[in-house]
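Take a look at the structure below.
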Amino acid sequence: MAAALRRTLRSPLFRCRLSPLSTTTSADDPKPSSSPSDTTSAAKSAIRLESDPDRLAALFEAAARHPSFYGDRPIYHISIRKLARHRRPDLIERLLEGAKSDPKAPKSEGFLLRLLSLYADAGMLDHAVRTFEAMPGLGCRRSERSLCALLSAFLKNGRVDRLREAFDLAPGEFGVTPGVASYNVLLKALCASSEVDKARSLLDEMPERSIEPAIICYDTVLDGYLKKGDHAGFEEVLEEISRKNLSPDTGTYNCRIAALCAKGNSSEAAELLEEMKTSGIQPDRISFNILIDGFRKEGNMDSATKVFERMKAVKRPDGGATSPNFKTYIVLLQGLVEKAEFEKAAEICRECLERKWAPPLETVRRLLEGLTKSSRVEEAKDVTARMRKAIRGDARDAWRGIEAAVSLCEAPTK
């Protein structure tokens with residue numbers, strides 16, 4: 001399919017469609033060509049399927065001739081992630097600098113921060129910094145949102161030293177005064193550097209700097225103590241939240257759920273979902289994933305499966321469901337396989353594959369062996385066929401080896 005799309009993109013007709021004249025007609029060609037949105041959509045499909053980095057870059061540049069392309073955040077992330085996987089910083093720079101200099105591209109703070117974040121995601125920190133520095137020259141005023149993006153870029157790349165320096169220089173050097181959001185990034189950096197006590201002290205210092213810590217700041221420190229395994233520190237922060245009459249949010253509850261699960265009290269943690277509902281607080285995907293993993297670690301797959309079903313039934317304020325992600329399926333699948341609940345595991349595996357997510361090969365191998373040994377050969381064949389379609393790239397060879405090995409596991413003869 002990718003090859004067919006590439007041929008379409010290379011054809012004279014498609015090149016014409018990518019030109020500014022694509023929506024015009026002529027006496028020789030009375031039928032109007034496809035709309036720019038159709039053309040851009042075809043290019044996006046080709047980019048998603050393309051595995052060659054140079055061709056991907058060419059597809060990206062061709063599609064970027066249409067201004068509507070710049071508004072598609074996912075295709076930017078997909079493209080840059082693929083190029084980063086191929087270790088092609090030259091192509092990443094070409095695409096992102098091209099977007100920065102293109103007169104048709106927006107010069108809004110949001111768009112430039114997207115480029116900055118993409119550079120950070122690709123590990124190109126100096127390019128991210130230069131993008132931040134270039135913002136005023138591109139007619140874009142930097143705000144605290146810009147500062148947060150820069151600080152997050154440093155954090156993402158493990159440069160807490162540069163993060164602290166930028167934070168301190170922000171008012172004088174960048175004309176941006178750190179607010180709650182910037183302080184929260186600094187708190188995350190301290191926690192990530194195993195300096196949770198310093199983060200805790202910073203919470204006390206913030207009011208002295210005319211910044212009142214919000215609940216997200218307390219959530220960050222709670223998470224820091226949780227990861228450190230400091231239960232006393234964790235409880236002290238919870239007590240302070242209560243003492244200050246701060247309203248807990250989903251993040252606060254997620255930390256409490258995780259703390260209980262870490263102690264092997266997943267059933268008690270599950271009760272917090274009811275408390276959240278009573279308080280009008282919406283659990284998110286993280287809430288459910290923590291619980292599912294907690295029950296899995298306790299070997300209670302019946303409860304883990306119930307949480308999974310409840311997760312899919314919960315409606316968000318916008319009316320949508322709280323959909324499971326790849327991690328949800330994998331944790332559930334691994335737990336079911338570990339407990340030899342192969343029928344339910346096969347169901348979860350199929351559901352995962354329907355979402356175009358291929359589970360870890362070793363987990364699927366164990367599932368197939370379990371299905372064949374328990375006389376569920378047809379189910380094993382179905383999972384095998386679905387996996388064969390889902391596997392991409394280098395994993396195909398490994399999968400062929402698994403298929404060959406599992407095919408030796410015949411059902412017991414009667």
Side-chain angles (χ1 to χ4, degrees), residues 1-26 29-86 88 90-122 124 127-128 131-132 134-135 137-143 145-146 149 318-320 323 356:
M1 187 175 178
L5 278 168
R6 286 198 299 273
R7 287 195 295 273
T8 301
L9 290 168
R10 286 198 295 268
S11 72
L13 176 59
F14 196 83
R15 285 198 298 271
C16 177
R17 286 176 182 172
L18 286 175
S19 75
L21 301 177
S22 61
T23 57
T24 64
T25 60
S26 69
D29 183 15
K31 294 181 181 179
S33 61
S34 298
S35 68
S37 61
D38 290 339
T39 302
T40 306
S41 178
K44 290 174 187 175
S45 297
I47 287 170
R48 285 186 172 90
L49 294 167
E50 185 55 72
S51 58
D52 180 88
D54 292 290
R55 285 198 294 261
L56 187 152
L59 290 168
F60 186 102
E61 289 172 321
R65 296 174 193 170
H66 291 290
S68 63
F69 183 80
Y70 289 114
D72 195 306
R73 296 177 65 90
I75 202 65
Y76 267 78
H77 285 280
I78 289 168
S79 301
I80 300 307
R81 187 171 63 244
K82 281 188 170 187
L83 294 176
R85 263 202 314 263
H86 284 286
R88 292 299 302 272
D90 57 319
L91 294 179
I92 293 173
E93 180 180 34
R94 191 173 99 192
L95 298 187
L96 298 187
E97 292 304 310
K100 198 188 298 183
S101 61
D102 187 347
K104 299 189 297 298
K107 295 300 181 289
S108 64
E109 182 182 32
F111 182 74
L112 293 172
L113 294 185
R114 186 200 305 175
L115 303 185
L116 186 159
S117 297
L118 289 168
Y119 272 133
D121 290 344
M124 300 172 68
H127 287 74
T131 300
F132 177 84
M135 290 174 71
L138 294 170
C140 180
R141 184 175 174 274
R142 292 182 297 217
S143 69
R145 182 184 174 192
S146 310
D318 62 5
S323 356
K356 303 189 186 304

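Being a predicted model, the structure only gives us computed values, none of them experimental.
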[X] versus [Y], closest heavy-atom pair with distance:
X: A99; Y: A105; answer: O-CB, 3.1 Å
X: A149; Y: L116; answer: O-CD2, 3.6 Å
X: L91; Y: A57; answer: CD2-CB, 4.1 Å
X: S79; Y: L56; answer: CB-CD2, 3.9 Å
X: C140; Y: S108; answer: SG-C, 3.9 Å

Rounded to the nearest 0.5 Å, what separates atom [atom1] in [X] from atom [atom2] in [Y]?
X: F60; Y: I80; atom1: CZ; atom2: CD1; answer: 5.5 Å
X: K107; Y: M135; atom1: NZ; atom2: CE; answer: 12.0 Å
X: L138; Y: S101; atom1: CG; atom2: OG; answer: 9.5 Å
X: E50; Y: L59; atom1: CD; atom2: CG; answer: 6.0 Å
X: E109; Y: R141; atom1: CD; atom2: CZ; answer: 9.0 Å
X: H127; Y: E93; atom1: NE2; atom2: CD; answer: 3.5 Å

[X] side chain near [Y] side chain, heavy-atom distance below 4.5 Å:
X: L95; Y: L118; result: no
X: Y70; Y: D102; result: yes
X: I78; Y: R48; result: yes
X: F111; Y: Y76; result: yes
X: K82; Y: I47; result: no
X: H86; Y: D52; result: no
X: K100; Y: L96; result: no

Original post:
Sequence neighbours excluded, which residues qualify as side-chain hydrogen bond (donor to acceptor under 3.5 Å, both in side chains) partners of R94?
Top reply: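 Per chain and number, R94 pairs via side-chain hydrogen bond (donor to acceptor under 3.5 Å, both in side chains) with E61.
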
Original post:
Is the backbone N or O of S143 less than 3.5 Å from a side-chain atom of S146, with the two atoms forming a donor-acceptor pair by type?
Top reply: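 Yes; judged by distance alone, with no hydrogens or angles, the pair exists.
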
